[in-house]
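Read the structure below first, then the notes.
No experiment lies behind these values; they were computed from the predicted model shown. Letters A, B, ... mirror the listed sequences (proteins, then strands); counts begin at 1.
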There are 2 protein chains.
Amino acid sequence: MNYLEAKDKFIQTWGSLGTLWGINKAMAQIHALLLISPEPLSMEDIMEQLQISRGNTSMNLRQLIDWGIVYKTSIAGERKEFFSSEKDVNELAKQIARERSRREIQPTLKVLKEVSNIEDDGSAKTKEFIKQTKSLHELAETADSIMNRIVNQESNWLTKTFIKLLK
Amino acid sequence: MNYLEAKDKFIQTWGSLGTLWGINKAMAQIHALLLISPEPLSMEDIMEQLQISRGNTSMNLRQLIDWGIVYKTSIAGERKEFFSSEKDVNELAKQIARERSRREIQPTLKVLKEVSNIEDDGSAKTKEFIKQTKSLHELAETADSIMNRIVNQESNWLTKTFIKLLK
DNA sequence: ATAAACTTTCAAAAAATATTGAAAGTTTAA
DNA sequence: TTAAACTTTCAATATTTTTTGAAAGTTTAT
């Protein structure tokens, strides 16, 4: 496999993986492209390499910036804007974990807390409902705590965490 | 909030959350419904409660069974089949982690390994590509190891893991 | 102030995904 | 073996999500 084939395969894979994580294909592909590019890229560069429209590129770049994993970069003497991604994959993982907690886990916790607080009328179905939603709340809270704990650690956390677990 | 409102809200929330995790709405809703139901439900029950078609119910139940989080249950004297979900949320989380590793992480690891193995021709872009795809491979492998480690532990693992991390 | 260079917005179109429902298939009882 | 009870399949349809592209908006240089 040569560079171009490998690059293409990587962008494709990252793109379809994105879909499974609530990130659309173009967004994931733009991210993949920036991640392996040694220099910042312009909107034109991205449009051309991925064969996507200007509007699509603009909107998805904005989302990536919102997620905190892509930055606008100025290049001296150039009028247009350039973009580059967070290159440290640990930092990247942290940022993604943070955003997923904020966007998914927190709102879910809120609902679980709310619905598990209904009055227990003693019926089997109410009892089961309260029991299960409380368990889920607990699970989600623990999972979120672990994630936050990991996220707020110094770099190289993942390896360290893993070593801890092995002990 | 009364039982019916709470139940509805829970099913709705679980349903839209599913979408974010690569599980479709109906599948997540069926799961939610079974999770809080004290007795197994028939296909008719599910169709009626969620207002979805027979075909949809059948296909999504099959997927849930494939995921290992819903079981067919026979009820004595009844001809039709009944379905119930895994009620232990820890077991549920394990099963989901297992499936996600198998379906997403493993295939990704394979591609990352493959593409990071291209020959280094010394150019900046090839060097960056190899460096980044190798880092991602390492990250994904570590994350997967942690998940597997957790998954293969005895029940109550999440809490225990959390306590370990706090130390 | 003007215009060129560039970016963003958003309604319409396209593509992807989920759902339906009826026909085909299967199982069970008699 | 037949038929009733039930489940599965899948082509057609509906819904949701993504993408486009051109108009509107912004910034910069002169």
Side-chain angles (χ1 to χ4, degrees), chain A residues 11-34 40-67 70-85 103-104, chain B residues 11-34 40-67 70-85 103-104:
Chain A
I11 291 174
Q12 278 311 116
T13 305
W14 214 239
S16 46
L17 202 70
T19 312
L20 286 167
W21 286 80
I23 284 168
N24 81 43
K25 202 180 87 186
M27 185 171 160
Q29 288 187 339
I30 293 172
H31 177 248
L33 184 61
L34 291 174
L41 300 178
S42 71
M43 232 161 84
E44 297 288 342
D45 295 334
I46 296 168
M47 286 167 63
E48 197 198 337
Q49 291 212 44
L50 300 179
Q51 290 290 310
I52 58 179
S53 72
R54 189 174 297 283
N56 200 0
T57 308
S58 171
M59 288 170 115
N60 285 113
L61 273 172
R62 181 139 64 89
Q63 281 220 70
L64 285 165
I65 292 169
D66 274 1
W67 271 71
V70 162
Y71 316 116
K72 277 193 184 174
T73 313
S74 291
I75 290 195
E78 286 274 12
R79 179 137 162 203
K80 61 184 148 197
E81 302 185 78
F82 287 78
F83 303 88
S84 52
S85 87
R103 292 169 198 235
E104 296 163 38
Chain B
I11 290 174
Q12 279 309 118
T13 305
W14 214 240
S16 44
L17 202 70
T19 313
L20 285 167
W21 286 81
I23 284 167
N24 82 42
K25 203 179 86 187
M27 184 171 160
Q29 288 187 340
I30 293 172
H31 178 247
L33 184 61
L34 291 174
L41 300 178
S42 70
M43 231 162 82
E44 297 289 341
D45 294 335
I46 296 168
M47 285 167 62
E48 196 198 337
Q49 291 212 44
L50 300 180
Q51 290 292 308
I52 57 180
S53 71
R54 187 174 297 283
N56 201 359
T57 308
S58 170
M59 287 171 116
N60 285 113
L61 273 172
R62 183 140 61 88
Q63 281 219 70
L64 286 165
I65 293 169
D66 274 0
W67 271 70
V70 162
Y71 317 115
K72 277 193 182 174
T73 314
S74 290
I75 291 194
E78 285 275 12
R79 178 136 160 204
K80 63 182 146 197
E81 302 183 79
F82 287 79
F83 302 88
S84 52
S85 87
R103 291 170 199 235
E104 295 162 38

### Task
Would you mind building the protein contact string for nucleotides 18-30 of chain C? One character per nucleotide, 5' to 3', B for base within reach (heavy atoms under 4.0 Å), S for sugar-phosphate only, - for untouched.
SSBB-----BB--
### Task
Drop me the distance from A:M27's CE to A:R62's CZ, to the nearest 0.5 angstrom.
11.5 Å
## Note on the structure
salt bridge (charged side-chain N to carboxylate O under 4.0 Å, His left out) filter on A:R54, not counting sequence neighbours, yields A:E44
### Message
For B:K80, give me all partners under salt bridge (charged side-chain N to carboxylate O under 4.0 Å, His left out), at least two apart in sequence or on another chain.
### Response
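B:K80 satisfies salt bridge (charged side-chain N to carboxylate O under 4.0 Å, His left out) with no residue once adjacent residues are dropped.
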Provide, to the nearest angstrom, the distance between the [atom1] atom belonging to [X] and the [atom2] atom belonging to [N].
X	N	atom1	atom2	value
A:M47	C:dC6	CE	C1'	12 Å
A:D45	C:dC6	CG	P	12 Å
B:L64	D:dT8	CG	C1'	16 Å
A:K80	C:dA4	NZ	P	18 Å
B:L61	D:dT7	CG	P	10 Å
B:R62	D:dC6	CZ	P	20 Å

### Query
Toward the 5' end of DNA chain C, which comes first, A:T19 or A:F82, by nearest nucleotide?
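Going by which nucleotide is closer to the 5' end, it is A:F82.
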### Query
Any donor-acceptor pair under 3.5 Å linking the side chain of B:D66 with the backbone of B:Q63?
no
### Query
For B:E48, does the CD atom sit with more than 12 other heavy atoms under 6.0 Å from it, leaving out its own atoms?
no
### Query
Given side chains that start at C-beta, do those of B:I46 and B:L61 come closer than 4.5 Å, heavy atoms only?
yes
